[in-house]
Amino acid sequence: MSHARSNHEVWSTEQDQFLLKTVLQHLRNGSSQKKAFEEVAGKIGRTNGACTFRFNSVLRKQHYDEIRSVSHKKNGDLPSRMVIQFPRVDNKCINDDGLSWQPVLGFLNSQALEVQHMQQQLHDMKEENIRLNKELEHLKQVRNKMETLGMNISKMLELINNA
């Protein structure tokens, strides 16, 4: 697997396939997308946020049916607040216009699944934001220490030169 050197590099087909394969494998094994993103990020040299964004903005659209089929198999394992349960409707349920409710329920179920994915993405992004803010604070402290050290070195050099 080739390693990306910059967060701005184009994703290779190999990286996309690895990301998709890893997410699907995690979902099939009862693990989370978040864990899959962490695994992929470590192996291809990208951030969790970059993997999350790539998956949700590109791969989910390209492989919607495959991801949906794996996710539907897992719905029984998800907390009830994350899955909207609609009553079972057989094919004989038809309204006054002769239209089946099945397509409507299918659409609503797919929308519920999309909401679930968006909630997971939001959660992952919030965690990444927290991590990045902590890293930023640490870097600010390092910068302040380096500035202080630089000023102390400048004062020492000035003293040496004036002596």
Side-chain angles (χ1 to χ4, degrees), residues 1-140:
M1 181 80 37
S2 63
H3 290 278
R5 297 288 178 226
S6 165
N7 289 344
H8 301 291
E9 287 186 27
V10 175
W11 282 73
S12 69
T13 302
E14 181 183 45
Q15 289 174 329
D16 278 345
Q17 289 172 350
F18 181 64
L19 176 57
L20 177 66
K21 181 183 114 201
T22 304
V23 170
L24 291 173
Q25 181 180 13
H26 274 259
L27 290 175
R28 283 185 191 108
N29 293 334
S31 183
S32 68
Q33 288 181 17
K34 180 183 174 205
K35 293 206 185 285
F37 298 146
E38 290 170 356
E39 178 183 333
V40 172
K43 291 184 179 176
I44 67 171
R46 294 197 186 255
T47 66
N48 294 350
C51 292
T52 302
F53 183 79
R54 180 67 177 183
F55 183 79
N56 287 314
S57 66
V58 176
L59 298 177
R60 183 179 306 287
K61 293 172 186 169
Q62 292 175 349
H63 302 277
Y64 180 79
D65 291 336
E66 186 177 6
I67 295 164
R68 185 173 175 211
S69 72
V70 171
S71 296
H72 274 297
K73 290 175 187 171
K74 277 193 62 182
N75 279 349
D77 300 333
L78 296 172
S80 61
R81 65 181 167 77
M82 294 180 77
V83 178
I84 298 173
Q85 297 293 332
F86 293 101
R88 293 279 179 212
V89 178
D90 63 23
N91 289 333
K92 295 179 183 177
C93 290
I94 299 175
N95 68 14
D96 293 339
D97 296 326
L99 300 174
S100 171
W101 283 98
Q102 207 66 10
V104 175
L105 291 175
F107 170 77
L108 292 174
N109 280 324
S110 71
Q111 293 306 301
L113 184 61
E114 282 300 313
V115 167
Q116 173 189 338
H117 291 303
M118 292 169 115
Q119 288 172 335
Q120 180 65 45
Q121 183 180 8
L122 178 61
H123 178 266
D124 292 346
M125 288 179 166
K126 284 180 179 178
E127 285 187 355
E128 180 77 359
N129 189 30
I130 290 168
R131 186 191 67 75
L132 289 171
N133 279 327
K134 286 179 183 177
E135 185 177 339
L136 177 62
E137 281 305 311
H138 172 73
L139 291 172
K140 284 179 180 178

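Sequence positions, counted from 1, serve as the residue numbers for this chain. If you're wondering where the values come from, they're calculated on a predicted model, not measured in any experiment.
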A side-chain contact here means heavy atoms from C-beta on lying under 4.5 Å apart; do [X] and [Y] qualify?
| X | Y | answer |
| --- | --- | --- |
| F37 | L19 | yes |
| M118 | L122 | no |
| Q15 | R46 | yes |

Output the distance between atom [atom1] ([X]) and atom [atom2] ([Y]), rounded to the nearest 0.5 Å.
| X | Y | atom1 | atom2 | result |
| --- | --- | --- | --- | --- |
| E39 | T22 | CD | OG1 | 5.0 Å |
| H117 | N56 | NE2 | CG | 8.0 Å |
| F55 | W11 | CZ | CH2 | 11.0 Å |
| D16 | Q62 | CG | CD | 6.5 Å |

| Salt-bridge contact E38-K35 (side-chain N to carboxylate O under 4.0 Å) |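 Result for this pair is no, no salt bridge flagged.
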| Any ion pair linking R131 and E128 (charged N to carboxylate O, less than 4.0 Å)? |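 Yes, this pair counts.
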| field | Among Q121, H26, E127, H123, side chain to side chain donor-acceptor pair (under 3.5 Å) partner for K34 | value |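 It is E127; the other options fail the test.
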| field | N133 side-chain N/O to N129 backbone N/O, donor-acceptor pair under 3.5 Å | value |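 At least one qualifying donor-acceptor pair exists.
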| request: Please list all pairs passing the salt bridge (charged side-chain N to carboxylate O under 4.0 Å, His left out) test where one or both residues lie in residues 108-124, with sequence neighbours left out. | output: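 For residues 108-124, and leaving out neighbouring residues, there are no salt bridge (charged side-chain N to carboxylate O under 4.0 Å, His left out) pairs at all.
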| What heavy-atom pair brings I67 and L59 nearest, and what distance separates the two atoms? |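 Closest heavy-atom pair between I67 and L59: CD1-O, 3.9 Å.
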| query | So, for C51 and V40, which heavy atoms are closest and what is the spacing to 0.1 Å? | reply |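 It is SG-CG1, 3.9 Å.
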| request: Sort out for me which residue in R54, E66, Q33 forms a side chain to side chain contact (heavy atoms under 4.5 Å, CB included) with R60. | output: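 Answer to the side chain to side chain contact (heavy atoms under 4.5 Å, CB included) test with R60 among R54, E66, Q33: Q33.
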| task | Take E137 and K140, measure what salt bridge (charged side-chain N to carboxylate O under 4.0 Å, His left out) needs, and give me the verdict at the end. | result | CA-CA 5 Å; E137 281 305 311; K140 284 179 180 178; 3.7 Å; yes
